[in-house]
Amino acid sequence: MPIIEVSDLTKQFRVFQRATGVMGGIKNLFIRRYEALRAVDGVSFSIEKGEMVGYIGANGAGKSTTIKMLTGILVPTSGRIVANGYVPHLDRKRYTMGIGVVFGQRTQLWWDLAVQESFHLLRKIYDVSQAKFDERMEEFHEVLGIGDFLRLPVRKLSLGQRMRCDLAAALLHQPPLLFLDEPTIGLDVVAKESVREFLRKVNRDMEVTIILTTQDLGDIEELCERILIIDKGKILYDGSLEGIRNRQGREVSLTVDLKEIPPVAALERILEGNGIAWTALGGRRFRAKFNRDDVATAEVVRKLAGAFQIHDLIIEEPGIEDVVRRIYREGSL
Ligand SMILES: Nc1ncnc2c1ncn2[C@@H]1O[C@H](COP(=O)(O)OP(=O)(O)OP(=O)(O)O)[C@@H](O)[C@H]1O
Ligand SMILES: [Mg+2]
């Protein structure tokens, strides 16, 4: 049985249409015109226990709105969510006892309290025993190193320190479900790595099911076997990272430095009919672009080496950034 089941989920906002100019300003006072905006538009997916799923999409695609509905903060316009056995917005109180939530953009800790005070309050709210609490704090300190700033008020923490505290706070009560909305936003490379390491551990050792949104595709590459891509409120893709790479065609770019300068036509002749496009990049450097489905990379290299003396060679595949950029831009796969 999936731990999260979402069917045909829609969230519509009423957005105020503002008229411009002086007359418009006056009009705005008397006539309010609203337009419907479908931030989430018929989204369906299900998530099994223990999965770590990346929920990605361009700015404004509907990620945060989905997460807010999944956590019970927003009420869906239509459609249905069952998570951890509850309908989030209906069973809010009981449901929230079994989930952890981190919104990278803002903290759930009390701004003026020392971190440890916030944790003590959360311990009470979630009814965690002192022994369990101590044990968990020990664990969090080991991986996240939060012990060093427990005495500081939250407002004095750096972004990275605060994020680590927020993560610990979200997991204090050992929820089976964790929702993260941009948990690595603004973190430096070291802090990012420790957050990722922590999430891996939480997912693997504690079997916490995790859904995370992020603009950092490094998070996805390092953490998620499965991704959902949302665009203008609709799910464009549900599958593995490898899956979208393959769908995009398996284009390879091969750059060679030769010991001579042959005409491009000479290069074109060696593997004719395989759809290889050659470009002279200046000097002894040439680039071939081809599709791995049409010709094997090894074959190209072998023929090339048979005909010319190669000084250096670089083989590149489009990175996940390239692939995803194209999807965001075109709104299709
Ligand atoms: N409370 C609201 N009232 C009206 N419109 C809203 C509200 N919240 C979100 N929206 C709109 O819904 C759309 C989706 O917003 P959402 O915050 O879900 O995007 P997102 O995918 O999280 O984007 P980002 O990557 O920028 O965080 C946007 O067009 C946004 O302006
Ligand atoms: Mg968002």
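The model shown is predicted, which means the values in this text are computed figures rather than measured ones. For ligands, and for the atoms within them, numbers begin at 1 and follow the listed sequence.
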task = Looking only at protein heavy atoms, identify the closest one to atom 15 (O) of ligand 1 and say how far it is in Å.
result = T65 OG1, 3.7 Å

task = Among all protein heavy atoms, pick the one closest to atom 26 (O) of ligand 1 and tell me residue, atom and distance.
result = N59 ND2, 3.1 Å

Ion pair check, R326 and D322, cut-off under 4.0 Å = no

ask   = Is the closest basic N to carboxylate O distance between R284 and D257 below 4.0 Å?
value = no

message = Looking at ligand 1, would G57 count as a contact under a 4.0 Å heavy-atom criterion?
response = no

message = Check the orientation of F179 and Y95. Use parallel for under 30°, tilted for 30 to 60°, and perpendicular for over 60°.
response = tilted

key: Heteroatom N/O/S of S64 within less than 2.8 Å of the Mg ion (ligand 2)   = yes

inquiry  = Assigning hydrophobic clusters by single linkage (Ile, Leu, Val, Met, Phe, Trp, Tyr; side-chain heavy-atom cutoff under 4.5 Å), is M137 placed with L113?
reply    = yes

task = Identify, for atom 11 (C) of ligand 1, the protein heavy atom at the shortest distance, and state residue, atom and that distance.
result = L37 CD2, 3.5 Å

remark   = For G62, the atoms of ligand 1 under 4.0 Å from one of its heavy atoms are 14 (C), 18 (O), 19 (O), 20 (P), 21 (O)

inquiry  = For a salt bridge (charged side-chain N to carboxylate O under 4.0 Å, His left out) check, start with the C-alpha distance between E182 and K63, then their side-chain angles and the critical distance, and finish with the verdict.
reply    = CA-CA 10 Å; E182 308 206 29; K63 302 179 295 295; 5.5 Å; no

query = Are a donor atom and an acceptor atom from the side chains of D219 and T184 found within less than 3.5 Å of each other?
reply = yes

inquiry  = Heavy-atom distances under 4.0 Å decide this one: backbone, side chain, both or neither, for E182 against ligand 1?
reply    = side chain

request  = Could you tell me the residue and atom name of the protein heavy atom closest to atom 12 (O) of ligand 1, and the distance to it rounded to 0.1 Å?
outcome  = A39 CB, 3.3 Å

key: Protein heavy-atom partner closest to atom 17 (O) of ligand 1 - residue, atom, separation in Å   = S64 CB, 3.6 Å

task = Using non-hydrogen atoms of the residue, decide whether Q215 is closer than 4.0 angstrom to ligand 1.
result = yes

query = Can you tell me if R200 uses its side chain to pair, donor with acceptor, with the backbone of E222 under 3.5 Å?
reply = yes

ask   = Are there protein heavy-atom neighbours of atom 8 (N) of ligand 1 below 4.0 Å?
value = yes

request  = Consider only side-chain N and O atoms of D8 and S44, and report whether a donor and an acceptor are under 3.5 Å apart.
outcome  = no

message = Considering non-hydrogen atoms of the protein only, which is the closest contact for atom 23 (O) of ligand 1, and what is the distance?
response = G60 N, 2.7 Å

